[in-house]
Amino acid sequence: MSIKQNIEAIRSTLPAGVELVCVSKFHPASMLLEAYHAGEHIFGESRVQELKTKVPALPADIQWHFIGHLQTNKVKNIVPLVSLIHSVDSLRLLQEINKEAAKIDKKADCLIQIHIAREESKFGFSFDEAEQLFQSGQLNSFDNIDIKGFMGMATLTGDKNQIRKEFQSLKRFFDAVKTTCFANSASFSILSMGMSDDYPVAVEEGSTMIRVGSSIFGESRLKSCFVAHPLH
Ligand SMILES: *Cc1c(COP(=O)(O)O)cnc(C)c1O
């Protein structure tokens, strides 16, 4: 199937109001352009250098989302380029984003990444850590950050029940925080969960934004490299 057909197949299953982020990491600009011409305007990248080379090569009305683990020393490079950072996983990172956004007089839209998977390796705040962050009042000092919601990644498993439980727990936490800490703010509204293999479950459990890569663009050779599979 073509990129356009892949997108149409995904879109046909999405309820109104669920946004699609086309995860274009490791794929060349020509493939992004195909998705763009099929009507897609939100692209997700996970590497700073790759994002920096793609932005000037592609149409200016694309909204770029940063979805990968972000090092504090790279923040200044991406804050001017992106409309949403999904992967805020530390207070230190929030401080740095706030500082760099202030320099260019921008409000940086951010999602707090919550660790919901069983794997040790996934980044993010635990529910407890996130709760402490919200209750501490520290967020109030960040004038140049708008916290728009949460992002979470489920465990990489074929066990759909496990995945569903993880998404449910994040949705419950999202609702609790929204009705308490953000009761007076309409901007806390994004629940970013669901990837190629698990977005149907995520959508059933209340996702408002899915991040889909391989089901649109296919597996990339580079990606295979990074996860140490042989190229073929
Ligand atoms: C790569 C990536 C995705 C997309 O994964 P697919 O399985 O290719 O859809 C989504 N979210 C994050 C954070 C990613 O790094």
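Order of listing sets the numbers, starting from 1, for every ligand and every atom in it.
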Just which atoms of ligand 1 are under 4.0 Å from any heavy atom in [X]?
X    : answer
G213 : 4 (C), 6 (P), 8 (O), 9 (O)
K25  : 1 (C), 2 (C), 3 (C), 14 (C), 15 (O)
R211 : 4 (C), 9 (O), 10 (C), 11 (N), 12 (C), 13 (C)
V212 : 9 (O)
S196 : 6 (P), 7 (O), 8 (O), 9 (O)

I67 to ligand 1, any heavy atom closer than 4.0 Å
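Yes, I67 has heavy atoms under 4.0 Å from ligand 1.
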F134 and F182: aromatic ring centres closer than 6.0 Å?
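Yes, the ring centres sit under 6.0 Å apart.
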Would H41 and Y36 count as a close aromatic pair, with their ring centres under 6.0 Å?
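Yes; Y36 has its ring centre under 6.0 Å from that of H41.
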As a check for students: among S214, G218, S215, identify the option with a heavy atom nearest to atom 7 (O) of ligand 1.
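Heavy atom nearest to atom 7 (O) of ligand 1 belongs to S214.
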Provide the closest heavy-atom pair for S83 versus Q63 in the form atom of the first, atom of the second, distance.
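For S83 and Q63, the tightest heavy-atom pair comes out as OG-CB, 3.5 Å.
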Test item: L93 and I85 side chains (from C-beta on) under 4.5 Å apart, heavy atoms:
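Not in contact.
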Return yes if a side-chain donor-acceptor contact under 3.5 Å exists between E45 and S24, otherwise no.
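A donor-acceptor contact under 3.5 Å links the two side chains.
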Return the orientation label for the F123 and H69 ring planes: parallel under 30°, perpendicular over 60°, tilted otherwise.
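Because their plane-to-plane angle is under 30°, the rings of F123 and H69 count as parallel.
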